[in-house]
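Scroll down for the structure; my scribbles are underneath it.
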Amino acid sequence: MMAFSEITTPKAAALHLLCSLSLLVVHWLAWNLYSWSLITHTSETLGLCLIVHGPIVIGVYSLVRRDRQHCSYWMAVARGLLGLPVGALVMAFGAIVLGAPVGIRYLKRTAYWSLLMSVFTFVPPACVFGSSRVDWHRIFAHFKPEESLDALVCLPAYGSVIGAWIGAWPMPLDWERPWQEWPICVTYGAVAGYWIGGLASSVFILIHGPVHVKED
């Protein structure tokens, strides 16, 4: 017999709060343990962010996978891990096409940034929807979240991409500031957009009602 569990507004808010707090923990660890910042040690800070934030995102979004009857928790985790490099390749390609610098000097930074953006964008839907072409097409190609679970996944992704795009604006300006280096301001913009998208998804669920997820 199939039962349904509800992902209410408080649960959705708790999910995004946990993900957001993990980014704050990264900042605290980087500064207090290693004296790193995104400006002074870009690659190292991005790498630490992946180590801390990535497993949390995969873990919590695997809990809200759509069809629990046919997909176990660990299968959802595996889907998230598989989605991570695929999303990173897409993000790296898009960034380079839009003008991100190339070369050995920026290779490590671009790789870490692309992996982090994949955690923001590709990993959650991979955990929740798997390879369902219909779901991916609906929320990313048509931008039509039809239910609260869609918003839980796609709004933070939209926010991070839009935030990264806005954050890239100061890069070409001739201000000669350290934070204009790739991908520092882009990362700050992506994180800010990710937080705003998470808040927006909680508001969406508050308005449209709880998410119903199938259980065994």
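Below, each value reflects all heavy atoms present in this structure, side chains not excepted, and no hydrogens, waters or symmetry copies.
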Under 4.5 Å between any side-chain heavy atoms of [X] and [Y], yes or no?
X: Glu181; Y: Tyr106; result: yes
X: Trp179; Y: Pro170; result: yes
X: Trp28; Y: Val25; result: no
X: Phe129; Y: Val134; result: no
X: Asp135; Y: Pro125; result: no
X: His16; Y: Leu152; result: yes
X: Leu199; Y: Trp195; result: no

Taking [X] for the side chain and [Y] for the main chain, is one N or O donor matched with an acceptor at less than 3.5 Å?
X: Arg109; Y: Thr42; answer: no
X: Arg66; Y: Val128; answer: no
X: Ser62; Y: Ile58; answer: yes
X: Tyr73; Y: Gly59; answer: yes
X: Arg68; Y: Leu63; answer: yes

Checklist line | Interatomic spacing from CG in Leu155 to CD1 in Ile196 - rounded to 0.5 Å | finding: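 One gets 12.0 Å once the value is rounded to the nearest 0.5 Å.
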Item checked: Interatomic distance, Phe120 atom CZ to Thr187 atom OG1 [nearest 0.5 angstrom] ->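 Interatomic distance, Phe120 CZ to Thr187 OG1, rounded to 0.5 Å: 8.0 Å.
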For [X] against [Y], the heavy-atom pair lying closest together:
X: Arg79; Y: Cys127; value: NH2-O, 2.7 Å
X: Arg65; Y: Cys71; value: NE-O, 2.8 Å
X: Trp113; Y: Leu46; value: N-CD1, 4.0 Å
X: Cys49; Y: Leu23; value: SG-CD2, 3.4 Å
X: Cys185; Y: Gly167; value: SG-O, 3.1 Å
X: Pro178; Y: Ile39; value: CB-CG2, 3.7 Å

Out of curiosity, does [Y] fall in the hydrophobic cluster containing [X] (side-chain heavy atoms, cut-off under 4.5 Å, transitive links)?
X: Val119; Y: Ile162; answer: no
X: Leu21; Y: Val57; answer: yes
X: Leu48; Y: Leu24; answer: no
X: Leu115; Y: Tyr61; answer: yes
X: Leu17; Y: Val60; answer: yes

Would you list the atom pairs, donor with acceptor, under 3.5 Å between side chains in residues 81-103 and any protein atom, with sequence neighbours excluded?
none

Next item on the list: Taking atom NE2 of His27 as the centre, report whether more than 12 heavy atoms of other residues, nucleotides or ligands fall under 6.0 Å from it.
Entry: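 Incorrect, the count does not exceed 12.
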Item checked: Qualifying residues under side-chain contact (heavy atoms from CB on, under 4.5 Å), relative to Gln180, sequence neighbours excluded ->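 Counting only residues at least two positions away or on another chain, Gln180 forms a side-chain contact (heavy atoms from CB on, under 4.5 Å) with Leu173, Trp175, Arg177.
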Item checked: Partners meeting side-chain contact (heavy atoms from CB on, under 4.5 Å) with Ser22 (sequence neighbours left out) ->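 For Ser22, the residues satisfying side-chain contact (heavy atoms from CB on, under 4.5 Å) (neighbours in sequence not counted) are Val52, His53, Ile56.
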Next item on the list: Using the six-membered ring wherever Trp is involved, compare the ring planes of Trp36 and Tyr34 and label them parallel, tilted or perpendicular (cut-offs 30° and 60°).
Entry: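 Parallel.
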Margin query: Go through it in stages, so that I can follow the logic: the residues are Phe204 and Asp150, the test is side chain to side chain contact (heavy atoms under 4.5 Å, CB included), and I'd like the CA-CA distance, side-chain angles, deciding distance and then a yes or no.
Written below: CA-CA 10 Å; Phe204 186 99; Asp150 294 348; over 6 Å; no
